There are 2 protein chains.
Amino acid sequence: MSTTNLAGANATPPNRHAMPFVRIELAVLTVTDGRLAVLLGRRAAAPQQGQWALPGGVLRIDLDRDLEAAAQRVAMERLQVPLPFLSQLRATGGPQRDPRAPWALSIAYRALLRFEAFTPSPGKRLEALQWTPADAATTDLALAFDHADLVRIAVDTTRAEIDRLDLPDGFLPDCFTLSELQASCEAILGRRLDKSSFRRRLDDHHVVEPIPGAMRTGAFRPAQLYRKR
Amino acid sequence: MSTTNLAGANATPPNRHAMPFVRIELAVLTVTDGRLAVLLGRRAAAPQQGQWALPGGVLRIDLDRDLEAAAQRVAMERLQVPLPFLSQLRATGGPQRDPRAPWALSIAYRALLRFEAFTPSPGKRLEALQWTPADAATTDLALAFDHADLVRIAVDTTRAEIDRLDLPDGFLPDCFTLSELQASCEAILGRRLDKSSFRRRLDDHHVVEPIPGAMRTGAFRPAQLYRKR
DNA sequence: TCAAAAGTGTTTGGGTTACACCCATGG
DNA sequence: CCATGGGTGTAACCCAAACACTTTTGA
């Protein structure tokens with residue numbers, strides 16, 4: 001034990017070494033057309049021009065208060081809309097990931113949003129945006145960089161959360177019927193759920209609460225409206 | 001498939017923006033003295049000289065093949081031993097995290113290792129190393145930077161893995177008795193487990209298999225030896 | 001033969017599935 | 001009155017906890 005490093009605070013000047021190219025990538029998921037879908041952007045410029053990829057951008061240390069704020073700024077730039085309810089997925093890095101830099105590090109974030117409440121439009125460096133069914137995105141399309149891995153991780157963690165009824169914020173409207181909620185969960189998971197078990201589980205875990213007096217009326221019997229928690 | 005990367009393609013020259021100071025932090029856990037413990041290093045130099053912190057170091061894009069390799073190199077430098085079986089915990093970043101740089105980003109890794117098979121010694125920039133009970137580390141000691149949060153995350157995810165019998169590599173010897181395994185799990189979780197349920201769960205999940213003919217003899221009745229999977 | 005550790009049932013309960021059934025409404 | 005979706009009840013099952021029990025060894 002020991003060897004004091006002389007206090008000469010002059011230990012390592014931090015910027016003695018080159019730092020990697022640090023980016024944020026966004027895996028934005030939604031439910032549309034009865035399935036889980038991921039938002040892909042077509043790259044307007046090299047590298048990988050014309051390829052589909054997750055929207056992303058460079059970390060700006062002069063602008064971003066933290067990583068999540070960086071992700072939100074990137075969302076504004078690429079998707080032209082705010083992006084609430086982010087959760088961090090993972091970081092990946094290496095020398096071969098991006099031809100623009102000798103070493104590229106990406107922090108991936110995920111959001112799960114309501115289709116109706118989120119209408120992005122292609123911002124800087126994107127020719128187009130498109131919702132792609134989640135399972136097709138990881139298999140059929142050849143996504144740029146290592147984004148297929150990131151989509152897979154986003155989808156898997158999201159399905160796991162839904163499985164244990166840990167419902168992410170952002171994909172539920174303020175009020176909804178239990179059947180609507182069940183349909184959303186089924187779309188995300190890609191399989192049918194049993195109505196009775198689903199409802200029992202919901203209230204064992206205190207996931208939702210009825211809104212007193214609020215009912216959805218429609219063609220048939222009115223349905224109780226609920227809110228989260 | 002891919003478009004060639006025209007060197008000058010007027011995409012963004014990546015280094016137009018300053019990049020953050022990128023570090024790796026290591027949360028190395030073990031079981032000793034019947035409890036889960038985390039390896040802390042006493043910082044030899046400013047900032048936070050003399051404070052206890054997770055061992056860590058700067059990402060070196062000239063040396064590291066990827067983030068995990070970076071973590072292994074940092075382990076060699078700080079702990080003087082290799083550090084296998086790493087898993088990524090999370091990334092955190094912001095302008096106030098480290099006075100050495102205007103913006104600091106850390107990627108935290110975790111390892112769970114056998115106490116007997118891992119004897120680190122303080123390397124560069126560390127005065128001392130010490131195993132500290134995991135729960136005390138997050139409460140009693142005032143760890144440097146935001147490392148208390150990282151320890152908490154490391155401990156929580158590790159306990160969750162053990163709970164679901166998703167036993168990380170690296171903390172089991174090649175062969176062991178079921179009682180030894182149970183004792184390790186109890187130490188990590190901080191609570192007693194029922195022998196019978198534990199064993200039934202082990203073989204329902206096919207976590208371990210008996211090594212034919214191998215027995216541990218000792219003071220009392222010999223015990224069957226097992227290996228992982 | 002006894003202490004100590006290895007190892008094996010057996011009962012109970014919580015939680016989930018599967019499935020059947022009733023209720024309310026607009027047409 | 002009936003089609004349709006909202007809503008509830010019940011039995012079976014799976015898993016794990018709790019706890020009691022038998023087995024094998026060295027001293």
Side-chain angles (χ1 to χ4, degrees), chain A residues 31 33-34 159-167 172-229, chain B residues 31 34 158-167 172-229:
Chain A
V31 171
D33 202 18
R159 289 198 169 127
E161 286 174 27
I162 299 298
D163 247 330
R164 73 181 108 91
L165 288 187
D166 175 10
L167 306 182
L172 291 179
D174 290 339
C175 66
F176 48 85
T177 68
L178 294 186
S179 294
E180 289 165 357
L181 175 57
Q182 181 176 344
S184 292
C185 291
E186 288 173 340
I188 293 170
L189 295 174
R191 63 184 162 85
R192 304 303 308 271
L193 299 172
D194 179 81
K195 181 166 55 166
S196 179
S197 336
F198 182 70
R199 290 173 182 216
R200 194 184 336 281
R201 236 146 59 82
L202 280 178
D203 71 52
D204 286 354
H205 294 245
H206 306 102
V207 176
V208 297
E209 61 186 6
I211 305 173
M215 303 296 269
R216 161 131 333 148
T217 67
F220 305 105
R221 174 176 175 177
Q224 174 67 53
L225 289 173
Y226 290 78
R227 67 167 78 94
K228 216 190 142 193
R229 268 211 103 203
Chain B
V31 171
T158 301
R159 289 198 169 127
E161 285 174 28
I162 299 298
D163 247 330
R164 73 181 108 90
L165 288 186
D166 176 11
L167 306 182
L172 291 179
D174 289 340
C175 67
F176 48 85
T177 68
L178 295 186
S179 295
E180 289 164 357
L181 174 56
Q182 182 176 341
S184 292
C185 291
E186 288 173 339
I188 292 170
L189 295 174
R191 63 185 162 84
R192 303 303 307 271
L193 298 171
D194 180 81
K195 182 167 54 167
S196 179
S197 331
F198 182 70
R199 290 174 181 214
R200 194 185 337 280
R201 235 146 59 81
L202 280 177
D203 70 54
D204 286 354
H205 294 256
H206 306 102
V207 176
V208 298
E209 61 186 6
I211 305 173
M215 302 297 268
R216 160 130 335 145
T217 67
F220 305 106
R221 174 174 174 178
Q224 174 68 54
L225 289 173
Y226 289 78
R227 67 167 78 94
K228 218 190 139 192
R229 265 210 103 199

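Note on naming: letters A, B, ... go to the chains in the order of the sequence lines (proteins, then strands), and numbering restarts at 1 for each one. For clarity, every value in this text was computed on a predicted model and none was experimentally measured.
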Where each residue is assigned the nucleotide of DNA chain D containing its nearest heavy atom, which of A/Glu180 and B/Asp204 is assigned the position nearer the 5′ end?
A/Glu180
How long is the line joining [atom1] of [X] and [atom2] of [N], in whole Å?
X        : N      : atom1 : atom2 : value
B/Phe198 : C/dT8  : CZ    : P     : 14 Å
A/Gln182 : C/dA18 : CD    : C1'   : 14 Å
B/Arg199 : D/dA17 : CZ    : P     : 15 Å

Under-4.0 Å salt bridge between A/Asp163 and A/Arg191:
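So A/Asp163 pairs with A/Arg191 through a salt bridge.
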Base contacts versus sugar-phosphate-only contacts with protein, heavy atoms under 4.0 Å: please encode nucleotides 19-27 of chain C as B, S and - from 5' to 3'.
B---BBBS-
Let me confirm one number: the CD-CD1 distance from B/Glu186 to B/Ile162, rounded to the nearest 0.5 Å.
12.0 Å
Separation of B/Leu165 CG from B/Arg201 CZ (nearest 0.5 Å):
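It is 4.0 Å, given to the nearest 0.5 Å.
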OP1 or OP2 of C/dG14 versus the side-chain N and O atoms of A/His205: is any pair under 4.0 Å?
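No, no such contact exists.
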Side-chain N or O of A/Ser179 less than 4.0 angstrom from OP1 or OP2 on D/dG5?
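Answer is no, no contact under 4.0 Å.
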Bend angle of the helix from C/dT1-D/dA27 to C/dG27-D/dC1, end axes from five pairs each (to 10°):
20°
So, does [X] use its side chain to make a donor-acceptor pair with the main chain of [Y] at under 3.5 Å?
X        : Y        : result
A/Arg159 : A/Ile188 : yes
B/Gln224 : B/Thr177 : no
A/Glu209 : A/Arg227 : no

Minimum heavy-atom distance B/Gly34-B/Ala187, with the two atoms named:
O-CB, 3.3 Å
Need one value for A/Arg201: base, sugar-phosphate or nothing, where a base atom within 4.0 Å counts as base even if backbone is also close, heavy atoms only.
sugar-phosphate
Proximal nucleotide (of C/dA6, D/dG7, D/dA18) relative to the A/Ala223 side chain
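From the listed options, D/dG7 comes nearest.
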Does CG in A/Asp166 sit with more than 12 non-hydrogen atoms of other residues, nucleotides or ligands closer than 6.0 Å?
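Atom CG in A/Asp166 is crowded, with more than 12 foreign heavy atoms closer than 6.0 Å.
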